[in-house]
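Here the structure comes first, spelled out in structure tokens, and everything after it is commentary.
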Amino acid sequence: MAYDRGLEERLCEYFQGRPDLDIRKMFGGLCFLLSEHMCCVIVGDELMVRVGPKDYEKYLAKPYAREMDFTGKPIKTMVYVASAGLESDEELNGWLSVCMSFAESLPPKRPKLKNSQ
């Protein structure tokens, strides 16, 4: 699993101090979760951003964004952002603000039940 380590450092700096942050290897990259909700994923040198269904078309129309088609079929709640669209801190922070706002808008996850065997 190869992903952009520089982008990883930038994301860790952005989310620094968030006690609800969890980072896991997923989707062949590195996934950033907030309160157990997927926020964004570094895949290679791109960022997969969770934008939600309501504003999907709006964010898909932005420069450097394209459909998230990891499985071959577009998922209309996430977009890929090419590395060229993440070069400045302002660009990256704008995308991170979007996915963070969406993740924070989701209801809390229910605790997982343990098997009682």
Side-chain angles (χ1 to χ4, degrees):
M1 162 182 14
Y3 55 86
D4 186 327
R5 301 288 181 173
L7 186 54
E8 174 188 9
E9 288 178 22
R10 293 172 70 199
L11 266 65
C12 286
E13 184 177 315
Y14 182 88
F15 291 118
Q16 182 179 350
R18 288 206 55 142
D20 62 339
L21 176 67
D22 189 17
I23 303 172
R24 297 182 194 160
K25 293 181 180 182
M26 292 178 150
F27 299 103
L30 197 63
C31 182
F32 289 73
L33 299 105
L34 298 177
S35 298
E36 300 184 39
H37 294 289
M38 187 180 75
C39 184
C40 59
V41 184
I42 303 171
V43 181
D45 65 348
E46 295 184 307
L47 189 63
M48 186 170 72
V49 179
R50 190 171 184 192
V51 298
K54 179 182 171 194
D55 293 323
Y56 173 76
E57 295 294 333
K58 172 179 131 181
Y59 291 113
L60 184 59
K62 290 197 170 275
Y64 305 106
R66 66 180 177 86
E67 289 181 333
M68 193 295 239
D69 56 356
F70 189 78
T71 63
K73 181 180 176 186
I75 297 177
K76 300 201 181 225
T77 59
M78 293 181 258
V79 297
Y80 281 126
V81 182
S83 61
L86 306 169
E87 290 177 353
S88 75
D89 287 342
E90 183 178 352
E91 290 169 315
L92 176 62
N93 293 353
W95 283 108
L96 293 177
S97 174
V98 168
C99 60
M100 186 174 69
S101 292
F102 181 73
E104 289 174 338
S105 75
L106 298 171
K109 293 240 180 168
R110 292 183 180 182
K112 292 181 181 177
L113 299 175
K114 294 182 181 181
N115 289 338
S116 56
Q117 291 181 339

Task: Expected output: side-chain E91 to main-chain S88 donor-acceptor under 3.5 Å - done: yes
Open item on the list: Is it the case that over 12 heavy atoms from other parts of the model lie below 6.0 angstrom from the CD atom of E36?
Closed with: no
- [ ] Please report the shortest heavy-atom distance between A84 and Y64, naming the atom on each side.
- [x] CB-CE2, 3.4 Å
Open item on the list: For the CD atom of E104 and the OG atom of S35, what is their distance to the nearest 0.5 Å?
Closed with: 7.5 Å
Open item on the list: Whether the side chain of S101 engages the backbone of S97 through a donor-acceptor N/O pair (distance < 3.5 Å, no angle test) should be reported.
Closed with: yes
Open item on the list: I'd like to know whether V51 forms a side chain to side chain contact (heavy atoms under 4.5 Å, CB included) with M78, so could you lay out the CA-CA distance, the side-chain angles of the two residues, the decisive distance to 0.1 Å, and finally the verdict.
Closed with: CA-CA 5 Å; V51 298; M78 293 181 258; 5.9 Å; no
Task: Non-neighbouring partners of L92 that pass side-chain contact (heavy atoms from CB on, under 4.5 Å), sequence neighbours left out - done: L7, R10, L11, L47, L86, L96
Task: Any side-chain heavy-atom pair of W95 and V79 under 4.5 Å - done: yes
TODO: Check C31 against M38 and note the closest heavy-atom contact, atom names and distance.
DONE: SG-CG, 3.4 Å
Task: From V41, I42, D22, residue fulfilling side-chain contact (heavy atoms from CB on, under 4.5 Å) relative to F32 - done: I42
Open item on the list: Would you compute the distance between atom SG of C12 and atom CZ of R5 and round it to the nearest 0.5 angstrom?
Closed with: 10.5 Å
Open item on the list: I'd like to know whether CZ of F15 has more than 12 heavy-atom contacts from other residues, nucleotides or ligands below 6.0 angstrom.
Closed with: yes
Task: Path from L33 to L106 over hydrophobic side-chain contacts below 4.5 Å - done: no
TODO: Flag the pair E57 / L60 as yes when at least one side-chain heavy-atom distance between them is below 4.5 Å, and no otherwise.
DONE: yes
- [ ] Look up atom CD in E67 and atom CD1 in I75, then write down how far apart they are to the nearest 0.5 Å.
- [x] 10.5 Å
Open item on the list: Let me confirm one number: the CE-CG distance from M100 to L21, rounded to the nearest 0.5 Å.
Closed with: 11.0 Å
- [ ] Please list all pairs passing the salt bridge (Lys or Arg N to Asp or Glu O under 4.0 Å) test where one or both residues lie in residues 69-85, with sequence neighbours left out.
- [x] R66-D69
Task: Note, F102 side chain near C40 side chain (heavy atom, < 4.5 Å) - done: no
Open item on the list: To the nearest 0.5 Å, what is the distance between CE on M48 and SG on C39?
Closed with: 10.5 Å
Open item on the list: Could you work out, with ring pair (Phe, Tyr, Trp, His ring centres under 6.0 Å) as the rule, every residue matching Y80, not counting sequence neighbours?
Closed with: none
Open item on the list: Rounded to the nearest 0.5 Å, what separates atom OH in Y56 from atom CE in M68?
Closed with: 9.5 Å
